[in-house]
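Next up is a structure, given as structure tokens.
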Amino acid sequence: MNNFKFFHQLGVKYPLIQGGMAWISDSSLAAAVSNAGGIGIIAAANAPVDYVKNEIRKAKALTDRPFGVNIMLLSENAQEVARLVCEEGIKVITTGAGSPGKYIKMWKEHGITVIPVVPSVALARRMEKEGADAVIAEGGESGGHVGELTTMALLPQVIDAVSIPVIAAGGIGDGRGIAAAFVMGASGVQIGTRFLVAKECTVHPNYKERIIKAKDIESVVTGRPTGHPVRVLRNKLTRQFEELERTAAPLEKYEELGAGALRKAVKDGDTEYGSVMAGQIAGLIKKEQTAKEIIEEIFAQAEERLGAVSFSSVVKMDA
Ligand code: TUI
């Protein structure tokens, strides 16, 4: 399905899902994105179930529009959160960092739209077979936990492999990225990094400032030897991770260094020793705006770009 019917059926104005960002995307950001016509997402990450329940209740008070929850499958609370979303009548689930296969049946029985993030064709195929409604093909340009492929390479291969809608993610920060994704056949986009600087995003101001100051080549992937590589902005912490790799340190050392690092950046504003997760598109982001301003701006831009291109204006050489 290569059109916007999927999002239309969900009752939203724009074919946009906000990326679930651990420790960051709470009820404030999710409700703002949903109120502006996208699908806002509360990230459950490693948080206790009661925290997630409270954020869901707060989001319900802030918006009448559909919003979702992202379930991080490496979390020890994943199973409990998987049940919570059914009890709370959540409409949309996205998942990350693993396969949600064992929960899909239960979610479908509760009428939930299930949209796993996939880093490969193999997982996309498996998710379709197991009953997912759509998949998010997320390239390694994105922030946080990343797969191996770029969005440009992953997206068309996933689109060819499945017949459910495919949503593009990774490296999309404005209307040009959205237009490119649509031209390639995506049914929508997932955007995370750009929403880090939304006024309604409650991340520490130092984190926002670090995003706004970021240059194109400032993100790096750390933690490859652990099997859970994460894209973050370069700082003193990433240099310590690089030292661990250089000296082939035991895996416990990575765990020690990473423990609490995201919290340090998000809550304390320590952008030197904290983990500043962000995608490669951070270099494009120049100012804080409301979620509504961001969404309206990028979709107007996408429409303009899509109107501006035609095969003959781009490719044909004959005068
Ligand atoms: O999940 C994300 N991004 C995240 S999760 C996160 S919290 C975390 N922090 C440190 C280490 C690990 C997690 C921060 N950012 N994006 C979606 C995503 N999912 N990217 C890659 C994957 C993925 C990887 C393997 C999805 C499925 C998968 O399957 C393996 C399998 O079981 O077949």
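None of these values were measured; they are calculated from a predicted model. Ligands are counted one by one from 1 in listed order, and the atoms in each one are counted from 1 as well.
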Closest protein heavy atom to atom 19 (N) of ligand 1, given as residue, atom name and distance to 0.1 Å:
A97 N, 3.0 Å
Which residue holds the protein heavy atom closest to atom 32 (O) of ligand 1, what is that atom called, and what is the gap in Å?
S99 N, 3.7 Å
Nearest-contact summary for atom 8 (C) of ligand 1 - protein heavy atom, Å:
M72 CE, 4.2 Å
Could you tell me, atom by atom, which parts of ligand 1 come under 4.0 Å of a heavy atom of E138?
16 (N), 17 (C), 18 (C), 20 (N)
In the protein, what heavy atom is nearest to atom 10 (C) of ligand 1, and what distance, to one decimal place, separates them?
V230 CG1, 3.8 Å
Between D133 and T113, is there a side-chain donor-acceptor contact under 3.5 Å, judged purely by atom types and distance?
no
Under 4.0 Å from ligand 1, counting heavy atoms only, is it the side chain of L123, its backbone, both or neither?
side chain
Considering G144, G98, G139 one by one, which has a heavy atom nearer to atom 30 (C) of ligand 1 than any of the others?
G98
Any side-chain donor paired with an acceptor under 3.5 Å for Q289 and E297?
yes
Name the closest protein heavy atom to atom 9 (N) of ligand 1, giving the residue it belongs to and the distance to 0.1 Å.
M277 CE, 4.1 Å
So that I can tick it off, tell me whether D268 and R263 are bridged by a salt bridge, with the cut-off set at under 4.0 angstrom between side-chain N and carboxylate O.
yes
For ligand 1, which atoms, with element, lie under 4.0 Å from some heavy atom of G96?
1 (O), 17 (C), 19 (N)
Among side-chain atoms of N70 and T94, is any donor-acceptor pair under 3.5 angstrom?
yes
Step by step, work out the salt bridge (charged side-chain N to carboxylate O under 4.0 Å, His left out) result for K58 and E55.
CA-CA 5 Å; K58 287 199 302 203; E55 288 306 308; 3.0 Å; yes
Ligand 1 contact by P119, heavy-atom criterion under 4.0 angstrom
yes
Backbone, side chain, both or neither: what part of M21 comes under 4.0 angstrom of ligand 1, heavy atoms only?
neither
For residues S99 and R126, is any side-chain donor paired with an opposing acceptor at under 3.5 Å?
yes
For atom 21 (C) of ligand 1, state which one of H228, H145, Q190 supplies the nearest heavy atom.
H145
Looking only at the side chains, is there a donor atom on one of S163 and E128 sitting less than 3.5 Å from an acceptor on the other?
yes
Answer yes if the side chains of E141 and T151 hold a donor-acceptor pair under 3.5 Å, and no otherwise.
yes
Options V146, N70, L74, ranked by nearest heavy atom to atom 13 (C) of ligand 1, top entry:
L74
Between N46 and ligand 1, find which residue part has any heavy-atom pair under 4.0 Å and reply side chain, backbone, both or neither.
neither
Can K292 and E296 be counted as an ion pair, charged N to O under 4.0 angstrom?
yes
Quiz question: by atom type and distance under 3.5 Å, do the side chains of R210 and T271 form a donor-acceptor pair?
no
Hey, which atoms in ligand 1 end up nearer than 4.0 Å to a heavy atom of V117?
17 (C), 18 (C), 19 (N), 26 (C)
